[in-house]
Structures are given as structure tokens and as C-alpha cells.
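This report concerns only the one structure given below.
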Amino acid sequence: MRTQVGIVGAGPAGLLLSHLLHLRGIDSVVLESRARDQIESTIRAGVLEQGTMDLLTDAGVGARMKAEGALHHGFELAFEGKRRRIDLTGLTGHSITVYAQHEVIKDLVAARVADGGKLRFGVSQTSIHDIETDKPSIRYHHEGEAYELQCDFVIGCDGSQGVSRASIPPALRRDFERVYPFGWFGILCEGPPSSDELIYARHERGFALVSTRSPNVQRMYFQCDPKDSVENWSDDRIWAELHARVDSHDGQKIIDGKIFQKNIVGMRSFVSNTMQHGRLFLAGDAAHIVPPTGAKGMNLAVADVRVLTEALNAFYVENRTDLLDGYSATALKRIWRAEHFSYWMTSMMHRIDGASPFDQQLQVAELEYVTTSRAAATAMAENYVGVAGAQAQA
Ligand code: DHB
């Protein structure tokens, strides 16, 4: 089999790239190791930046997001018994939408299927070959048969554990990593929203986040030991912990509901500064990971894909390679901005074991500053909605 662009991984990056290329008349095949129902049900984050919303809308896959997602114009920071609002729209002119990542995946899969796109689920033994030539290929097994997909380009969208990044010789890679000594315990529960807007709470017991999914389903998180197990947490214990961390702030009270999903995620920051080798390009989690605070992960994947689409289009339409050659440098500007923001927000909001009383006061001082200085609040807001450094990235 032959295609123009071979895409490894059907997460947001791979599916969106395949869809955007299709809109430009460029052919692609997406190979995914998991089953379709698995990718459509894996619970991940749920905040879409303004630019992500606009891109999905312009690409014709934003209708359900618009109908079912919740448009938010601000969020709250709770600390030291106070709650203070960051007015995203007032400060930046932009907003965000709370819409779960797996819903974006469903919309993209549906669009690809409707357009006759080539998606292969449940593939195994995937390997990438000849990326240093102009005829790279991907070998894989599907339903018991071995295949070779010949392409002009291979795009690795297969996450941080995938084969793509590992296909770049280690000597040519430059990786950066920071691991945090805590994780997030996430729940989904039935019930009404506890708040009109998201609440990020700093508490001496640890961070907590009140988010939402729909008028009847709520998403909440609290900082935990990444090695802890969901079995150790009864519903009662979870609610006691969330109440302790969120309710103390200025009359706020979260509303309990029936918990139907629990998970623990570890937290790390990672960047592969080498996002291209020969005809292989990395996008999304295959190239970078952020801790969840601030919800940049999927938005970064979408931003990579936007840059790649333009670069591939310039190659096919005008025979230009300059945008492809500049892909890493272009994408890395936004990536490092988001890496810093996620790290900064994480560091300001979490309980850090062993932190001195002085360090704890620094966190509070930072929160006081971002919630009282218009300049500092604007800096936070423009990072949150995803327009920070927009001129530099243009
Ligand atoms: C959600 C996740 C985040 O990491 C965040 O910063 C805000 C919201 C969420 O899953 O709703």
C-alpha cells in the first residue's frame, strides 16, 4: 500500500492531521494500536484553548463541541481561604471551552470515516523504516497479516511510549525532562456543577481542581501520591478530601455525587527538542509532555498539527521544504512557552513535601500577585487561553 503521509497514532494529533490533510487534498493513512472504542472512551483532560476551538470549527468538526461544550470566560484561584477570579475574556479577549478530549476524538473519527479516510485500528508490531531516504515506510500487522505502507513522510503521533520517537537515533536526540513527586487523582461523578467556572485550589493538604463535563457530569481532581492506588480511596474518603481542600475558601461548597470513574495520573514535563529526523516528524505527546495543570497537552498537539499541515501543504503544492525544515524550531517556541506555564502553575498550586515555610509563603505571594495585578493576571490569562507569545509564533 502507498500513501502520501503515513500517520502513526490515532490520538488528537494523528486524527486531526489526517483530517486537515484531507481538506487540502493530501492522502494519509492512520495506524493505531488500540481499538476504536478504546480511544473513544479513554478519559483525558478537557480544556480547549481559543485557537483549538477555532481550528476545529474552521475544519468543520466543531459542531458538537459548540453545542455540548461549555464556553468559559474565566476561572477561579482559591487559596488562603479566598477565591479570586481570573477574567480570561476581559483580560485577553479570548475564552476556552470545556469539552472532553475523547469527545474531540469521537468527532474526528466520525469525520474521517464519513470522508472515507483510511484508519486502521488494532495494528501491532509497528516499525518505521528508511526515514533518512525520501521513501520511508511503516511496517505493521493487522488482523493477522503483515503489511508495508510506503509514504513520502511518516508522522509520529503515537504518544510518549510509541515507536516513533524511539526511531530517531538517540545520539541525534536532545531530550529534557522533569518528574514531579506527586500525581492527580481524577474522578467523574454524576450531579450538577459545583461552580459556574473551574476552581484551582491551593490548600495545605494539597492541590484540588473542580472542573465539569456537562450539566450532569462533573470532573474533579486532587493531588495525590502518584504511587497510590484507586482501591485505597472509597467514595467517602474522596469527598472528605475534596471538601477539605475546596470548601474552606470563601463560602465555596462542592456538591457530592455518585462517583463512576477514578484514575491516578503521574506528572512530568518532557520535551524532545529533536522533532524531526529525515522524513519522520513527531507531533503531540510523542514529542512533549506537560503536567496537567493548565490543560495544555491536547492544545499543544493541535498546535503542532497546524504547523505540520501548512508545512506539508507547502511541500505538495509549491514543492517548498523550508517550512518542513523549520518545523521543530517553529513548534518548539510554543511548546517551551507551554512547558514553562504548566511548570509554573504546577509549582504555584501544589503541596511540595519538604518545602520550607518560606517556600510556601512564596507560593502565596505569587497567587496574591496574579490575582491583584492586572499585568500578572493578564500574563496568566494569555498563557491559559493560548495566545501568549503569539507574535513570536506567527
Ligand atoms: C481539566 C484538566 C486540567 O488539567 C485542567 O487544568 C483543567 C480542567 C479537566 O479535565 O476538566
Side-chain angles (χ1 to χ4, degrees), residues 11-12 41-50 52-53 65 68-79 85-86 88 94-105 180 182-202 206-224 226 242 245-246 254 257 259-269 284-285 288-302 338-350 367 370 380-386 388:
S41 61
T42 305
I43 306 297
R44 306 288 290 271
V47 171
L48 310 187
E49 294 173 354
Q50 178 84 47
T52 302
M53 288 150 55
M65 168 196 76
E68 296 174 25
L71 190 65
H72 284 218
H73 299 292
F75 63 83
E76 296 204 88
L77 289 171
F79 62 103
R85 180 165 191 262
I86 300 292
L88 295 173
H94 299 292
S95 39
I96 55 119
T97 289
V98 182
Y99 186 62
Q101 177 167 322
H102 69 277
E103 301 295 343
V104 175
I105 299 246
Y180 302 85
F182 37 78
W184 277 12
F185 195 114
I187 61 156
L188 282 168
C189 69
E190 289 170 9
S194 292
S195 157
D196 290 341
E197 296 185 328
L198 269 55
I199 304 172
Y200 291 86
R202 176 194 181 274
F207 170 75
L209 168 59
V210 178
S211 181
T212 185
R213 282 295 176 267
S214 75
N216 313 314
V217 174
Q218 309 313 320
R219 181 78 167 141
M220 299 186 205
Y221 300 93
F222 56 94
Q223 177 182 349
C224 67
L242 280 165
R245 296 185 191 190
V246 186
I254 50 167
I259 298 173
F260 61 90
Q261 206 264 349
K262 303 177 188 178
N263 70 322
I264 292 178
V265 289
M267 290 172 72
R268 70 191 181 107
S269 301
D285 284 6
H288 42 78
I289 297 290
V290 285
T293 332
K296 290 287 144 212
M298 175 171 44
N299 294 293
L300 277 184
V302 168
E339 288 289 344
H340 177 265
F341 176 67
S342 306
Y343 151 84
W344 171 77
M345 203 168 161
T346 299
S347 308
M348 178 170 71
M349 301 302 302
H350 287 73
L367 280 159
V370 292
M380 182 174 205
E382 63 178 31
N383 277 280
Y384 197 85
V385 301

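FYI, the numbering just counts along the sequence from 1. Both counts, for ligands and for their atoms, begin at 1 and track the order of listing. Both backbone and side-chain heavy atoms feed into the values below; hydrogens, waters and symmetry mates do not.
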Quiz item: Has the side chain of Q50 got a donor or acceptor atom that lies under 3.5 Å from a matching backbone atom of V385?
Solution: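 No; zero donor-acceptor contacts below 3.5 Å.
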Practice problem: Using atom types as modelled and distance alone, determine if a side-chain donor or acceptor of R245 lies under 3.5 Å from a backbone N or O of Q223. | Solution: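 Yes, the answer is positive, given that a donor and an acceptor are paired below the 3.5 Å cut-off.
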Quiz item: Applying the ring pair (Phe, Tyr, Trp, His ring centres under 6.0 Å) test to H350, which of Y343, F79, F207 qualifies?
Solution: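 When Y343, F79, F207 are each tested with H350, the ring pair (Phe, Tyr, Trp, His ring centres under 6.0 Å) holds only for F207.
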Nearest protein heavy-atom contact for [atom]: which residue, which atom, what distance?
atom: atom 1 (C) of ligand 1; answer: Y221 CE1, 3.8 Å
atom: atom 11 (O) of ligand 1; answer: S211 OG, 2.6 Å
atom: atom 8 (C) of ligand 1; answer: V47 CG2, 3.5 Å
atom: atom 5 (C) of ligand 1; answer: Y200 OH, 3.3 Å

Quiz item: Within a reach of under 6.0 Å around CZ of R85, are more than 12 heavy atoms found that belong to other residues, nucleotides or ligands?
Solution: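 Yes - once you tally the heavy atoms of other residues, nucleotides and ligands closer than 6.0 Å, there are more than 12.
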Practice problem: Would you please say whether a donor-acceptor pair under 3.5 Å links the side chains of S269 and Y180? | Solution: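 There is such a pair (donor and acceptor under 3.5 Å, judged by atom type) between the side chains of S269 and Y180.
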Quiz item: Relative to the ring of Y200, is the ring of Y384 parallel (under 30°), tilted (30 to 60°) or perpendicular (over 60°)?
Solution: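 Correct class here is perpendicular.
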Hey, which atoms in ligand 1 end up nearer than 4.0 Å to a heavy atom of [X]?
X: L198; answer: 7 (C), 8 (C)
X: G46; answer: 9 (C), 10 (O)
X: W184; answer: 3 (C), 4 (O)

Practice problem: Determine, considering heavy atoms only, which of P292, S342, G294 sits nearest to atom 4 (O) of ligand 1. | Solution: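 Looking at heavy atoms only, the winner is P292.
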Quiz item: Can E49 and K296 be counted as an ion pair, charged N to O under 4.0 angstrom?
Solution: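 Looking at K296 together with E49, the answer is yes, because their closest N to O distance falls below 4.0 Å.
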Practice problem: Answer with yes or no whether R213 contacts ligand 1, where contact means a heavy atom under 4.0 Å from a ligand atom. | Solution: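 The answer is yes: ligand 1 sits under 4.0 Å from a heavy atom of R213.
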